[in-house]
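A short write-up of the structure that comes next.
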Amino acid sequence: MRSVQITGTGQLIELSRRLKAAGGPRLKANFARRIRRAGEPLKTDMQATIRGLPIRAEPRKAGKRGGPSPTTRPLRATIAGAVRISVRTGGNPGARIWIDRSALPPDLKKMPSAMNSANGRIRHPVFGNRKRWANQWTTPLWWDTTVTKHQPRMRAEVERVLRDVRNQIT
């Protein structure tokens, strides 16, 4: 899974240097806050997309038993809760939307990548039994689709923030 980075690297680095030269911690904080605000709608939409992802399973085979899940942990809500946004104003400035794998339980660390795969297939052991495996499917490339939908708005917003800060510096 890729992380999302909205950067105009050359412009942002030059702007970061000017912010340091202008001596404006207040200006730098304002810059970071506005960049974060530009990324918040994507983060919110990403979480909503994850929570609403349909997950389909193969139908049960004749004679197979079923039962309730041994865990009460909601898969999609757990992954949505791990979506983060970070803003850097230093050497490599920009905004990044990512899934914090350290916020996920150990058995779900690879799940976001599996759910975003090109075929959308999630293959897992049945109730932890590594001798029996099940397949489930979800919407493929949901991360990429959501990011693509937000890129034009985010680029325009970041350019507007850069223009405003540049006008304050000069």
Side-chain angles (χ1 to χ4, degrees), residues 1-9 12-13 16 32-158 161:
M1 176 166 309
R2 300 184 325 235
S3 64
V4 182
Q5 295 184 343
I6 300 297
T7 57
T9 309
L12 288 172
I13 290 174
S16 178
R33 186 182 73 248
R34 290 182 65 192
I35 294 291
R36 176 178 295 277
R37 201 176 296 154
E40 285 294 336
L42 173 58
K43 177 187 172 192
T44 304
D45 193 27
M46 193 66 70
Q47 290 173 325
T49 300
I50 293 168
R51 285 187 178 100
L53 273 178
I55 297 178
R56 300 173 311 282
E58 294 176 330
R60 292 184 195 266
K61 295 173 179 64
K64 302 293 180 181
R65 285 176 268 171
S69 173
T71 178
T72 58
R73 182 183 61 223
L75 171 68
R76 290 171 282 211
T78 303
I79 294 172
V83 174
R84 304 280 190 262
I85 183 171
S86 61
V87 175
R88 296 171 316 281
T89 57
N92 186 17
R96 182 175 170 230
I97 311 292
W98 52 290
I99 293 182
D100 183 7
R101 293 184 197 282
S102 67
L104 295 173
D107 59 332
L108 294 182
K109 294 206 184 288
K110 294 181 181 179
M111 188 59 73
S113 297
M115 291 172 71
N116 192 51
S117 66
N119 63 4
R121 185 176 96 163
I122 304 167
R123 186 169 188 267
H124 62 90
V126 176
F127 298 117
N129 179 357
R130 298 216 167 255
K131 292 181 181 177
R132 298 199 50 197
W133 289 77
N135 290 313
Q136 290 181 293
W137 288 270
T138 187
T139 307
L141 304 174
W142 54 269
W143 179 276
D144 303 332
T145 305
T146 307
V147 168
T148 303
K149 185 171 69 173
H150 282 268
Q151 273 183 333
R153 182 199 55 78
M154 285 187 67
R155 285 193 196 283
E157 182 67 22
V158 168
V161 169

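Basis for what follows: all heavy atoms, side chains included, without hydrogens, waters or symmetry-related copies.
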Exercise. Kindly confirm or rule out a cation-pi arrangement of Arg84 over Trp98, judged by NZ or CZ under 6.0 Å from the six-membered ring centre and within 45° of its axis?
Key: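 No, a cation-pi geometry is absent between Arg84 and Trp98.
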Please examine the side chains of [Y] and [X], heavy atoms only from C-beta on, and report whether any two atoms are closer than 4.5 Å.
X      : Y      : answer
Ile122 : Trp137 : no
Pro140 : Asn119 : no
Thr49  : Thr145 : no

Quiz item: Which residues satisfy the side chain to side chain contact (heavy atoms under 4.5 Å, CB included) test with Arg33, sequence neighbours excluded?
Solution: Asn30, Arg37
Self-check item: Test item: Asn116 side-chain N/O and Trp142 main-chain N/O as donor-acceptor pair under 3.5 Å
Solution: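 Flag set: sc Asn116 to bb Trp142 pair under 3.5 Å.
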Self-check item: Main-chain N/O of Gly120 paired to Ser117 side chain as donor or acceptor, under 3.5 Å
Solution: yes
If you compare all heavy atoms of [X] against all heavy atoms of [Y], which two are closest, and at what distance to 0.1 Å?
X      : Y      : value
Val83  : Lys43  : O-CE, 3.5 Å
Ala38  : Glu157 : CB-CG, 3.2 Å
Asp100 : Ser102 : OD1-OG, 2.6 Å
Ile79  : Pro112 : CG2-CG, 4.1 Å
Ala80  : Ile50  : N-CG2, 3.8 Å

Straight-line distance of [X] [atom1] to [Y] [atom2], nearest 0.5 Å:
X      : Y      : atom1 : atom2 : value
Asp107 : His124 : CG    : NE2   : 11.5 Å
Met46  : Trp143 : CE    : CH2   : 4.5 Å
Ile99  : Met115 : CD1   : CE    : 8.5 Å

Quiz item: Between the side chains of Arg76 and Thr138, does any donor sit under 3.5 Å from an acceptor?
Solution: no
Practice problem: Could you check Trp133 against Val126 for side chain to side chain contact (heavy atoms under 4.5 Å, CB included), going step by step and ending with a plain yes or no? | Solution: CA-CA 5 Å; Trp133 289 77; Val126 176; 5.7 Å; no
Quiz item: Going through the checks in order, is the side chain to side chain contact (heavy atoms under 4.5 Å, CB included) test met by Arg96 and Ile85?
Solution: CA-CA 6 Å; Arg96 182 175 170 230; Ile85 183 171; over 6 Å; no
Quiz item: Does the side chain to side chain contact (heavy atoms under 4.5 Å, CB included) test come out yes or no for Arg121 and Gln136, once each step is laid out?
Solution: CA-CA 6 Å; Arg121 185 176 96 163; Gln136 290 181 293; over 6 Å; no
Quiz item: Between His150 and Ile97, is a side chain to side chain contact (heavy atoms under 4.5 Å, CB included) present by the stated rule, with each step listed?
Solution: CA-CA 12 Å; His150 282 268; Ile97 311 292; over 6 Å; no
Quiz item: What pairs with Lys110 under salt bridge (charged side-chain N to carboxylate O under 4.0 Å, His left out), at least two apart in sequence or on another chain?
Solution: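 For Lys110 there are no salt bridge (charged side-chain N to carboxylate O under 4.0 Å, His left out) partners, ignoring immediate neighbours.
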Practice problem: Sequence neighbours left out, what pairs pass salt bridge (charged side-chain N to carboxylate O under 4.0 Å, His left out) with at least one residue falling in residues 145-154? | Solution: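 Sorted pair list: Asp45-Lys149.
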